[in-house]
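Just so we're clear, the structure is a prediction, and the values are computed from it rather than from any experiment. Chain letters run A, B, ... following the sequence lines, proteins first, then strands; residues in each count from 1.
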Protein chains: 2
Amino acid sequence: MSEIGFGKHDHSACISGALEAAEQVCSAQGLRLTKGRRRVLEILVQEHRAMGAYDILAVLSDEGFGAQPPVVYRALEFLVSNGFAHKIEKLNAYVACSHPQEGDHAPVFLICKSCGIVAEGDAPKRKSDLQQQAQESGFVIETTVMEAEGLCPTCVPGGEA
Amino acid sequence: MSEIGFGKHDHSACISGALEAAEQVCSAQGLRLTKGRRRVLEILVQEHRAMGAYDILAVLSDEGFGAQPPVVYRALEFLVSNGFAHKIEKLNAYVACSHPQEGDHAPVFLICKSCGIVAEGDAPKRKSDLQQQAQESGFVIETTVMEAEGLCPTCVPGGEA
DNA sequence: AAGTGAAATGTTATACTATATCAAGACGAA
DNA sequence: TTCGTCTTGATATAGTATAACATTTCACTT
C-alpha cells in the first residue's frame with residue numbers, strides 16, 4: 001500500500017478505524033490517550049483535512065472543552081510525536097495520519113493549491129537520494145519533511161476527465 | 001556540483017559572488033534588485049545562516065532603513081520567488097540560495113538540531129520517487145519542500161574526529 | 001520634458017501561530 | 001497512603017505574517 005489516496009473511501013469506517021488503531025498503539029506502548037488528546041485526534045480524523053491549531057481550538061471551544069491554545073498544542077504534540085498525526089510545515093497545519101498502524105514512517109504530502117486537500121503517501125523505503133547525499137557529507141538525519149504543492153487530480157485542468 | 005556544503009569556503013568571495021549573480025540574473029530577466037531587496041539579500045549572504053524575518057528586520061532597523069515587517073516580507077518574497085533565497089519551512093526562516101546561478105532547482109536542506117547550521121543540496125535531477133508517486137495518482141507538482149533535521153558532521157558524537 | 005500606468009515602498013494596524021510559566025489535579029508504582 | 005511523574009488549567013506573552021491604503025519611483029510613451 002504505497003498509493004496516494006485521492007479516491008473515495010468509507011469515511012465512518014476510516015474514523016473508527018483510526019481511533020481504534022490509536023488506542024491499540026497507546027495501550028501497547030503505555031501511552032495515555034486521554035480525553036482531550038482523543039478528541040483532537042477525532043476531530044482531525046473526522047474533518048479529514050489539514051487544520052490549523054486554532055481551527056481545532058474552535059471546535060473544542062464549541063463543546064465546552066477548556067479551550068486555550070496550550071490545550072490544543074499539547075494534544076497535537078502528543079499525537080504528532082507518536083505518529084497519530086502529522087504537521088504540514090508548509091501550511092502550519094495538522095492532519096491525522098493515514099496509516100497509524102504502520103509505526104514509524106517517512107510520509108510525503110501532496111498539497112493541492114486549489115482545493116486544499118492534503119494526501120499522504122509513503123516515502124520510498126529504499127535508501128533515498130536524500131539519505132545518500134546526507135550520508136556522503138557526514139550528516140545524520142533524524143527526521144525529514146517532504147511536501148509537494150500543486151494540483152490534485154480533481155483540480156488539474158482537463159483532469160478527472 | 002551536487003555536494004552538500006559543510007566545508008569551509010572563501011566567504012568574502014561567496015558574498016560578492018552571490019550579489020553579482022543576483023544582479024546578473026535580474027538584469028537578464030528585467031527584475032529590479034532595488035536597494036532594500038539587495039540589502040536583505042546581502043544580509044542573508046553575509047550571515048550565511050537561516051534567519052527569521054524579524055532577525056533581518058533588526059539588522060535593517062539598526063541601519064535606519066524603514067523597518068516595518070512588510071519591508072522585510074516583501075523583499076523576502078521577491079528573493080524567494082526569484083530563487084535568490086529559500087524559505088526553510090521547518091524553521092520559519094530564510095537563507096540565501098547557495099547557487100543562484102543555476103536557475104530553477106529543487107533544493108534539499110539539511111538542518112542541524114545542535115548548531116542550527118543549514119546546508120543546501122540539490123534534489124536529484126532524475127525523476128524522483130516523489131514525482132513518480134505523484135504522477136501515478138494524477139497530481140501535478142509545482143513546488144516541493146524537502147528538509148531533513150539531524151546532526152551535522154561537526155555535531156555528530158564522534159564525528160569530525 | 002511632461003504624462004501615464006505599473007511596480008515598489010511607507011506606514012499603521014491587525015491577524016495568525018506558538019510557547020513560557022506556574023499552579024493544580026490525576027494516575028500508577030512502591 | 002505517599003511519592004513522583006505525567007497531565008491539565010489558566011494567564012500572559014512571544015513570534016510569524018499579512019491586510020489595507022497612501023505615496024513614491026521608475027520605465028516608457030508622447
Using the side-chain heavy atoms of [X], tell me which of these nucleotides is nearest: [options].
| X | options | answer |
| --- | --- | --- |
| A:Tyr73 | C:dT11, D:dC6, C:dA18 | C:dA18 |
| B:Pro70 | D:dT8, C:dT11, C:dA18 | C:dT11 |
| B:Thr34 | C:dA8, D:dA17, C:dT17 | C:dA8 |
| A:Asn92 | C:dT17, C:dG10, D:dT18 | C:dT17 |
| B:Arg32 | C:dT17, D:dA17, C:dA8 | C:dA8 |
| A:Arg37 | D:dT7, D:dT16, C:dA18 | D:dT7 |

Margin query: For A:Phe84 and A:Phe78, take the angle between the two ring planes, folded into 0 to 90°, and tell me which bin it lands in: parallel under 30, tilted 30 to 60, perpendicular over 60.
Written below: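 Correct class here is tilted.
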I need the [atom1]-[atom2] distance between [X] and [N], as an integer number of Å.
| X | N | atom1 | atom2 | result |
| --- | --- | --- | --- | --- |
| A:Lys90 | D:dA17 | NZ | P | 12 Å |
| B:Ile88 | D:dT16 | CD1 | C1' | 16 Å |
| B:Asp55 | D:dT16 | CG | P | 7 Å |
| B:Leu57 | C:dG10 | CG | P | 12 Å |
| A:Arg74 | C:dC22 | CZ | C1' | 11 Å |

Next item on the list: Have a look at B:Lys87 and say if it touches a base, only the backbone sugar-phosphate, or nothing, with a 4.0 Å heavy-atom cut-off.
Entry: sugar-phosphate
Check: Passes side-chain contact (heavy atoms from CB on, under 4.5 Å), A:Val25 versus A:Leu33? Steps please.
Finding: CA-CA 10 Å; A:Val25 172; A:Leu33 187 61; over 6 Å; no
Next item on the list: Tell me which of A:Gln68 and A:Phe78 sits closer to the 5' end of DNA chain D, going by the nucleotide each one is nearest to.
Entry: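 This one resolves to A:Phe78.
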Margin query: Please determine whether a side-chain nitrogen or oxygen atom of B:Tyr94 lies at a distance below 4.0 Å from atom OP1 or OP2 of D:dA17.
Written below: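 Looking at the OP1 and OP2 atoms of D:dA17, one of them is under 4.0 Å from a side-chain N or O of B:Tyr94.
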Item checked: side-chain contact (heavy atoms from CB on, under 4.5 Å) assessment of A:Arg39 paired with A:Glu42 -> CA-CA 5 Å; A:Arg39 185 65 194 115; A:Glu42 225 166 54; 2.7 Å; yes
Note to self: For C:dA15, does the base pair up with any side-chain atom of A:Tyr54 as donor and acceptor (N or O, under 3.5 Å, distance only)?
What the structure shows: no
Item checked: Distance, nearest 0.5 Å, that separates CD1 of B:Ile117 from CZ of B:Arg49 -> 12.0 Å
